[in-house]
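Inspection log for the structure reproduced underneath, given as structure tokens.
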Amino acid sequence: MGTMETDHPFVGSDFTDDDFTAIGTILATAGGVAIEHYNAACIKRRIAARIRDLKLSGAQPYLSLLRADAVEVHRLSALLSLHVSTFYRDPPTFAALRQILCEGALPQRWWSAGCAGGEEPYTLALLAAQTPQLCGKVEILASDVSPEILDKARRGAVTAPRLSNVSAEEQARCFNAAGPGFQIREELRRTVHFFQHDLLSAAPYPAVDLILCRYVLMYFNATDQEKVLGRFAAALPAGGILVLGRTETLRDSAGFFAPINVQERIYQRI
Ligand SMILES: C[S@@+](CC[C@H](N)C(=O)[O-])C[C@H]1O[C@@H](n2cnc3c(N)ncnc32)[C@H](O)[C@@H]1O
């Protein structure tokens, strides 16, 4: 096993194509993340960070480790599946969205695509329950590619840091204390329907009126981002709404959508 050379720690751009492909094959064979669909620079950066954490000198010793140790393959797969989220992530986005939804006359079937631990769809549930114009009129779907994170989402258990954007009053009204953390109340939990769905697979996309797909596309390569955006356009009716993460853009799919609030990445299907 190599040791890290202090003058040149291994970084993402040090990967040879062969080594990167070999890691991809090991992960795919073990049923892990299919890295060829993801932004290569971003994936390489994260694998390089793992190599440095293990104090290895580079890709070759790490490949030897992956070939010998199924646990490390599992660990790497989990590390590459980023499930970071919070309730009301980017609060101004949800404030703008609430206003748009109240003004619109859409039937209300909403989809949080790439929902991680449920923070985003449960935020939608809180928003609907606490907005008289929306209360009781909304169906919320939530999907993720990861069955493990969906199990967690269904339980509705949350740790305090994920609630940093939730006021104490809303916390008391909508969550129960559970062990060291909290659990979203049963009646709110029941309003979200979770299902496993891979945006990059051929599985059909549900027909919905609003799609939130935030901080998911940024992990895909440009071709797959375009494909997914085209499928979102097909899943939405004219007037339907799409919300992306603040670091994400419509790329070449801009022709399908009119901007409603560019800063908050809220768009309307034309
Ligand atoms: C950073 S989280 C974003 C969570 C939430 N949308 C938010 O903005 O806080 C990205 C989520 O996308 C999911 N994801 C990654 N690839 C996916 C795919 N191909 N299909 C569906 N979900 C995917 C990951 O499992 C992860 O839970």
Side-chain angles (χ1 to χ4, degrees), residues 24 27-28 31-40 42-43 45-46 74-97 110-127 140-159 161-166 184 192-206 208 210-232 235 241-249 263-267:
L27 285 169
V33 178
I35 60 175
E36 73 273 17
H37 290 295
Y38 291 80
N39 177 322
C42 165
I43 295 279
R45 248 195 326 271
R46 281 157 58 194
H74 188 76
R75 219 168 265 151
L76 179 64
S77 196
L79 270 176
L80 295 178
S81 312
L82 259 195
H83 302 306
V84 176
S85 193
T86 53
F87 280 73
Y88 294 99
R89 183 175 192 173
D90 306 328
T93 303
F94 283 96
L97 185 61
W110 300 347
W111 179 24
S112 164
C115 67
E119 295 83 354
E120 184 175 274
Y122 287 134
T123 298
L124 292 175
L126 295 179
L127 188 149
I140 302 171
L141 310 179
S143 64
D144 202 280
V145 68
S146 158
E148 291 84 14
I149 201 73
L150 284 170
D151 282 348
K152 180 170 174 277
R154 285 190 186 97
R155 285 196 297 277
V158 237
T159 53
R162 307 235 156 168
L163 293 177
S164 56
N165 293 327
V166 178
I184 187 154
V192 180
H193 308 288
F194 289 99
F195 62 106
Q196 203 257 337
H197 182 269
D198 181 351
L199 290 164
L200 299 172
S201 74
Y205 284 22
V208 288
L210 163 70
I211 297 173
L212 277 87
C213 186
R214 305 170 67 231
Y215 305 105
V216 181
L217 293 180
M218 59 192 267
Y219 297 110
F220 298 169
N221 64 37
T223 311
D224 286 317
Q225 289 188 31
E226 287 293 351
K227 254 189 238 164
V228 171
L229 285 165
R231 295 190 69 189
F232 284 157
I241 291 167
L242 173 66
V243 188
L244 303 179
R246 279 179 160 206
T247 53
E248 296 164 326
T249 66
Q263 191 179 347
E264 304 307 334
R265 301 292 194 270
I266 305 177
Y267 307 94

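When a ligand or atom number is given, it counts from 1 through the structure's own listing order. What you see below is based on every heavy atom in this structure, not just the backbone, and it leaves out hydrogens, waters and symmetry mates.
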Tell me if the NE2 atom of His193 is crowded by more than 12 foreign heavy atoms within 6.0 Å.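 Check passes, neighbour count above 12.
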Any N or O on [X] sitting closer than 3.5 Å to an N or O of ligand 1?
| X | value |
| --- | --- |
| Ile149 | no |
| Asp144 | yes |
| Cys115 | no |
| Thr86 | no |
| Tyr219 | no |
| Ser146 | no |

Side chain, backbone, both or neither: which part of [X] comes within less than 4.0 Å of ligand 1 when only heavy atoms are counted?
| X | result |
| --- | --- |
| Arg89 | side chain |
| Asp198 | both |
| Tyr38 | side chain |
| His37 | neither |

Close approach of His83 to ligand 1, heavy atoms, under 4.0 angstrom: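 A heavy atom of His83 does come that close to ligand 1.
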Contacts table for residues 148-155: side-chain donor-acceptor under 3.5 angstrom, sequence neighbours left out:
{"from": "Glu148", "atom 1": "OE1", "to": "Ser146", "atom 2": "OG", "distance (Å)": "3.4"}
{"from": "Arg154", "atom 1": "NH2", "to": "Phe194", "atom 2": "O", "distance (Å)": "3.4"}

